[in-house]
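Structure first, then comments.
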There are 2 protein chains.
Amino acid sequence: MKINQLSKLTNVLSKTIRYYEDVGLLPKASRNSNGYREYSSIDVDNLIFIRRCRELQIPLEKIKILIQVQTDTTSSCSEVDLLIEQQLENVRKTINELSLLEKTLHTLAKSCSNDIVGECEILKNLKQ
Amino acid sequence: MKINQLSKLTNVLSKTIRYYEDVGLLPKASRNSNGYREYSSIDVDNLIFIRRCRELQIPLEKIKILIQVQTDTTSSCSEVDLLIEQQLENVRKTINELSLLEKTLHTLAKSCSNDIVGECEILKNLKQ
DNA sequence: ATAAACCTTACTGTTGGAGTAAGGTCAAGC
DNA sequence: GCTTGACCTTACTCCAACAGTAAGGTTTAT
């Protein structure tokens, strides 16, 4: 199949598929006589895997590792466990940081009931 | 004062101060005879204001607006209110998205008790 | 005199693509 | 046979908000 069909099957833009090939996340696609990229169902599976990882906000470099680990099916999956665990930790950390931010912003948003910029409590608070 | 002292007083890197000047967030600094940038206590205040906004993850373009609004101290501060409210909404939306992500990752992290990559439940889950 | 600390501009790299340009290919309809 | 539109190609720039590095000038202290 051609790149546009792969795109539709996987819900990943053609542009993005080419980009993944560029950065080595996907192997170099084989080309047919006119130079168009030619894909198979294996590529569909690989790309869905990548898309699922991206949905979990796993960075491309870590997805590379996840792909490579699978080339040796007898190896330990502790690396996979660790990587997912780290990703979970990252997300939790970010949530905590944003929760603090939310509190601050909420307090700030409520602080001003004036109408004139010169008296604005929000701006005053931002200057401390 | 010179850029490094401004940097120390505001906790903003010299590099970043120059960058803010480049993108028009800070006015062009005056220069003394040797070409070094020269700052005053007004710059300290402005930069602290910017830093506080950045701590709230307000984008530079919106900080520009907040600065500009203050040039006319008699104007309404409804624009300020709105901007902070929008920022609060952004943060809340991101927190919600990350919370969903956290659940998925947590479930995923617990799913595998194997040791062999070929049997790894995490990887299987990522392939669906 | 020289070394350390500081200043300058300018260019590149980061992340994960999106946008655009400029062109080649292919199938359908007239 | 010719055009039109959909699709494909590479290559380049752009986004946010800086950080890193190069290559050089200045000041201050020893």
Side-chain angles (χ1 to χ4, degrees), chain A residues 1-26 28-40 43 46-67 83 86-87 90-91 94 97-98 101, chain B residues 1-26 28-39 43 46-47 49-67 83 86-87 90-91 94 97-98 101:
Chain A
M1 75 187 77
K2 282 180 283 184
I3 198 168
N4 205 24
Q5 197 183 345
L6 177 62
S7 168
K8 278 165 187 161
L9 286 174
T10 57
N11 220 13
V12 176
L13 289 177
S14 304
K15 184 116 205 176
T16 305
I17 297 173
R18 291 192 200 99
Y19 174 71
Y20 287 167
E21 180 180 326
D22 263 14
V23 299
L25 201 57
L26 288 173
K28 297 267 179 196
S30 63
R31 306 294 181 116
N32 59 28
S33 55
N34 55 19
Y36 290 10
R37 288 174 178 80
E38 188 61 36
Y39 295 101
S40 73
D43 299 301
N46 288 343
L47 200 44
I48 286 177
F49 176 80
I50 293 171
R51 201 204 58 201
R52 282 277 296 147
C53 289
R54 289 298 299 135
E55 284 167 1
L56 300 173
Q57 296 196 18
I58 297 171
L60 299 187
E61 287 308 309
K62 297 209 169 179
I63 299 176
K64 269 190 199 172
I65 295 172
L66 288 178
I67 289 170
L83 206 147
Q86 283 173 346
Q87 182 62 16
N90 290 344
V91 170
T94 306
E97 287 167 3
L98 288 181
L101 201 54
Chain B
M1 76 188 76
K2 281 179 285 181
I3 199 166
N4 206 25
Q5 198 183 345
L6 178 61
S7 168
K8 277 165 187 160
L9 287 175
T10 58
N11 220 11
V12 176
L13 289 177
S14 305
K15 184 114 205 176
T16 304
I17 297 173
R18 292 192 200 99
Y19 173 72
Y20 287 166
E21 181 180 326
D22 264 13
V23 298
L25 201 57
L26 289 173
K28 298 266 179 196
S30 62
R31 307 293 182 118
N32 59 26
S33 56
N34 55 19
Y36 289 10
R37 288 174 178 79
E38 188 62 36
Y39 295 100
D43 299 303
N46 288 340
L47 201 45
F49 176 79
I50 294 171
R51 200 203 60 202
R52 283 277 295 147
C53 290
R54 289 297 300 134
E55 283 167 1
L56 300 174
Q57 296 197 17
I58 296 171
L60 300 188
E61 287 307 311
K62 298 209 167 178
I63 299 175
K64 269 190 199 173
I65 295 172
L66 288 177
I67 290 170
L83 206 148
Q86 283 172 346
Q87 182 63 15
N90 290 344
V91 170
T94 305
E97 286 167 3
L98 288 180
L101 200 55

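We name chains A, B, ... by the order of the sequence lines, and we start the count at 1 in each one. Only this structure's heavy atoms are used, side chains among them; waters, hydrogens and symmetry mates stay out. Quantities reported herein were computed from a predicted structural model and do not represent experimental measurements.
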Can you confirm whether [X] sits close enough to [Y] that some side-chain heavy atom of one is under 4.5 Å from a side-chain heavy atom of the other?
X        : Y       : value
B:Leu60  : B:Arg54 : yes
A:Asp43  : A:Ile17 : no
B:Ile67  : B:Asn46 : no
A:Ile3   : A:Glu38 : no
B:Cys53  : B:Lys62 : no
B:Leu101 : A:Glu55 : no
A:Thr10  : A:Ile50 : no

(message) I want to confirm an ordering. Mapping A:Ile3 and B:Asn34 to their closest nucleotides on DNA chain D, which one lands closer to the 5' end?
(response) A:Ile3
(message) So, OP1 or OP2 of D:dC7: does either fall under 4.0 Å of a side-chain N or O from A:Ser14?
(response) no
Rounding to an integer number of Å, can you tell me how far [X] [atom1] sits from [N] [atom2]?
X       : N      : atom1 : atom2 : result
B:Leu60 : D:dC15 : CG    : P     : 13 Å
B:Lys64 : D:dA16 : NZ    : C1'   : 12 Å
B:Lys62 : D:dA17 : NZ    : C1'   : 16 Å
B:Tyr19 : D:dC18 : OH    : P     : 7 Å
A:Asn4  : D:dG5  : CG    : C1'   : 14 Å
B:Gln5  : D:dT27 : CD    : C1'   : 15 Å

(request) Please give the angle, rounded to 10 degrees, between the axes at the start and the end of the helix from C:dA1-D:dT30 to C:dC30-D:dG1, where five pairs define each axis. (result) 30°
(message) For residues 12-24 of chain A, which residue pairs pass the side chain to side chain donor-acceptor pair (under 3.5 Å) check, not counting sequence neighbours?
(response) A:Glu21-A:Arg37
(message) Please identify the 5'-most and 3'-most nucleotides of DNA chain C with any atom under 4.0 angstrom from a heavy atom of chain A.
(response) C:dG16 to C:dC26
(message) Applying a 4.0 Å non-hydrogen cut-off, can you work out what A:Arg18 is touching in the nucleic acid: base, sugar-phosphate, or nothing?
(response) base
(request) With DNA chain C as reference, determine whether B:Tyr36 or B:Lys15 sits nearer its 5' end, using the nearest nucleotide of each. (result) B:Tyr36
(request) Mind running side-chain contact (heavy atoms from CB on, under 4.5 Å) on A:Gln57 and A:Val91 for me, showing each step along the way? (result) CA-CA 9 Å; A:Gln57 296 196 18; A:Val91 170; 5.8 Å; no
(message) Taking atom types as they are modelled, would you say the side chain of B:Lys2 forms a donor-acceptor pair with the base of D:dT27 within the 3.5 Å cutoff?
(response) no
